[in-house]
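Here's the structure, in structure tokens; my notes come after.
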Amino acid sequence: MTAVQASDNTYYINEQHHFNGKAAYHSIGIQNGDRVLPAAFSKDVFSHLTLFTGNTMVTGTTGLLNSTAKKSNQELVSAIDHTLNWSLESAQVHGRAITIADNSTLAPLEDDRSKYEITVKLFFLSPHGSSEPLSVDHLHNAIQHLETALSVTSGNLKIDHFILAIPNQTFDENDLDSSEIDQFTEDIQKLYLPIWKRLSGLRQAGRIGRLGVSEFSKQQLEILKAAAVQIGAVVPEINQVNLQDCCVLPKGLIEYAKAEGIELLTHGDSSDILPRSTLASLLQPHLAATSASLLEPNFVLKYSVLISSRGLISRKGYIVDAGSE
């Protein structure tokens, strides 16, 4: 992508005008039902994408399921598709990075913060078999993006419940054998402990109310607790389990959670919430094929805002971050 500086506030990319990084589209477009979509980015290759879906409680994408596939990630897929179809015109471009946001439903919280309960689940999407630790930078970016989505001043967001979902983790009700215990212990030490330490710091500083994980067995919780205690970090307070993977929670896990004060919650999230191929197929009609195929999902942040006194969710959305290898 070539940018030629025209003035302090205007530059050109592939013959599209950009004002302060905001694309101003020509009338050229492609037909998608009754909606004419701009072809502004058909020739551009982006190395980074940040996408803010709208409030799915308003856009109508909450709870949407493909009646044939019944995929648990269909809500996310529908929300991304909706955002690309209706919010590409307001995309922000900075160099080879593009940010797409459904600003029509992103707004500050209407009442005092104490009236709301914010829950976040951060899905790390490292490639299978990756030997790199989970990125603390991705964590920082995810929280900053959430502050943007909720119009909260940087560093002032209090998250009531934070769930960490590590890559490729599925619940197994069976006990681990000795080799699996050794491998998971090694993974905790090398891949997950740095980010847990950072999350623990946010918990201890009061920026996170309760900190938890997803899809951990009793033995895995024990391993994480031992590693956390060794470095002075907090221990998990929540464990989410997908009952599609386990119809009945093992008695040992229930007893351990009760003894340790860990709340067991159920969820319906897919363990592979946004495969690379799915993201590519969603982006392909809107960005260049090369751009769509190069972008690898880094993380998905799922958030919801509950009105505490009424028990109603007023805000729900996703933030997607992807980059080239």
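Every heavy atom of this structure was used, including side-chain atoms; hydrogens, water molecules and symmetry mates were not.
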Can you name the residues that form a salt bridge (charged side-chain N to carboxylate O under 4.0 Å, His left out) with [X], not counting sequence neighbours?
X    : answer
E222 : K218
K115 : none
R113 : D160

Task: Side chains of D137 and S135, donor plus acceptor under 3.5 Å - done: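 Checked: D137/S135 side chains show no N/O donor-acceptor pair below 3.5 Å.
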
- [ ] Using distance alone, with no hydrogens and no angle criterion, decide if D102 and S104 have a side-chain donor and acceptor under 3.5 Å apart.
- [x]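 S104 and D102 do have a side-chain donor-acceptor pair below 3.5 Å.
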
Open item on the list: In this structure, would I163 and V320 fall into the same cluster of hydrophobic residues linked by side-chain contacts under 4.5 Å?
Closed with: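 Different clusters: I163 never reaches V320 through Ile, Leu, Val, Met, Phe, Trp or Tyr contacts under 4.5 Å.
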
Open item on the list: Side-chain heavy atoms nearer than 4.5 Å, only ILVMFWY residues, links allowed to pass through others: does that put I238 and V234 together?
Closed with: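 As far as the 4.5 Å side-chain criterion goes, V234 and I238 are not connected within one cluster.
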
- [ ] Could you tell me if the ring centre of F184 sits under 6.0 Å from that of F216?
- [x]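 Ring centres of F216 and F184 closer than 6.0 Å.
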
- [ ] Decide yes or no on salt bridge (Lys or Arg N to Asp or Glu O under 4.0 Å) for K121 and E215, but give the supporting numbers first.
- [x] CA-CA 12 Å; K121 187 172 184 179; E215 310 296 350; 5.5 Å; no

Pairwise side-chain contact, [X] with [Y], heavy-atom cut-off 4.5 Å (strictly under):
X    : Y    : answer
V93  : F46  : yes
S270 : F123 : no
L134 : L139 : no
Y116 : I307 : yes
L125 : R276 : no
N242 : S271 : no
Y303 : I159 : no
Y318 : I80  : no

How long is the straight-line distance from [atom2] of [Y] back to [atom1] of [X], given to the nearest 0.5 Å?
X    : Y    : atom1 : atom2 : value
N141 : N298 : CG    : CG    : 9.0 Å
L164 : R198 : CG    : CZ    : 14.0 Å
I98  : S47  : CD1   : OG    : 11.0 Å
I118 : S304 : CD1   : OG    : 9.0 Å
I223 : T185 : CD1   : OG1   : 3.5 Å

- [ ] Begin with the C-alpha distance, continue with both residues' side-chain angles, and end with the deciding distance and a verdict on side-chain contact (heavy atoms from CB on, under 4.5 Å) for L274 and N73.
- [x] CA-CA 7 Å; L274 187 61; N73 67 334; 5.7 Å; no

TODO: Kindly determine whether T148 and I319 satisfy side-chain contact (heavy atoms from CB on, under 4.5 Å), including the steps that lead there.
DONE: CA-CA 11 Å; T148 298; I319 301 170; over 6 Å; no

Open item on the list: For a side-chain contact (heavy atoms from CB on, under 4.5 Å) check, start with the C-alpha distance between V229 and V235, then their side-chain angles and the critical distance, and finish with the verdict.
Closed with: CA-CA 7 Å; V229 169; V235 299; 3.9 Å; yes

Mind listing the closest non-hydrogen atom pair of [X] and [Y] along with its distance?
X    : Y    : value
A101 : T83  : C-CG2, 4.4 Å
L295 : S324 : CD2-N, 4.0 Å
S151 : A107 : OG-C, 4.1 Å
D269 : Q240 : OD2-OE1, 4.4 Å
E173 : V248 : OE1-O, 4.4 Å
M57  : I313 : CE-O, 3.7 Å

- [ ] Kindly indicate, with the supporting measurements, whether the criterion side-chain contact (heavy atoms from CB on, under 4.5 Å) is fulfilled by L265 and H267.
- [x] CA-CA 7 Å; L265 300 175; H267 69 91; over 6 Å; no

TODO: Check side chain to side chain donor-acceptor pair (under 3.5 Å) between Q219 and all other residues, then give those that pass, not counting sequence neighbours.
DONE: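 None.
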
Task: Qualifying residues under side-chain contact (heavy atoms from CB on, under 4.5 Å), relative to S281, sequence neighbours excluded - done: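 Here no residue qualifies.
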
TODO: Identify which one of L202, L199, V213 satisfies the side chain to side chain contact (heavy atoms under 4.5 Å, CB included) criterion when paired with F162.
DONE: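 So the option named by the test is L199.
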
TODO: Only one of T278, V77, V300 passes side chain to side chain contact (heavy atoms under 4.5 Å, CB included) with I273; say which it is.
DONE: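 Only one of T278, V77, V300 forms a side chain to side chain contact (heavy atoms under 4.5 Å, CB included) with I273, namely V300.
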
Task: R315 side chain vs L306 backbone, donor-acceptor pair below 3.5 Å - done: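 Answer holds: no.
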
Task: Under 3.5 Å: donor-acceptor pair, side chain of T105, backbone of N55 - done: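 Flag set: sc T105 to bb N55 pair under 3.5 Å.
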
Open item on the list: What I want to find out is whether R210 reaches E117 closely enough, with some N-O distance under 4.0 Å, to be called a salt bridge.
Closed with: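 Result for this pair is no, no salt bridge flagged.
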
TODO: If the plane angle is over 60° it's perpendicular, under 30° parallel, otherwise tilted; pick one for F124 and H138.
DONE: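 Ring orientation of F124 relative to H138: tilted.
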
- [ ] For Y256, enumerate each residue passing the ring pair (Phe, Tyr, Trp, His ring centres under 6.0 Å) test, keeping only those at least two apart in sequence or located in another chain.
- [x]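 In terms of ring pair (Phe, Tyr, Trp, His ring centres under 6.0 Å), with neighbours along the sequence ignored, Y256 is linked to no residue.
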
Open item on the list: Could you check whether atom NZ of K258 has more than 12 heavy atoms from other residues, nucleotides or ligands sitting under 6.0 Å from it?
Closed with: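 No - once you tally the heavy atoms of other residues, nucleotides and ligands closer than 6.0 Å, there are 12 at most.
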
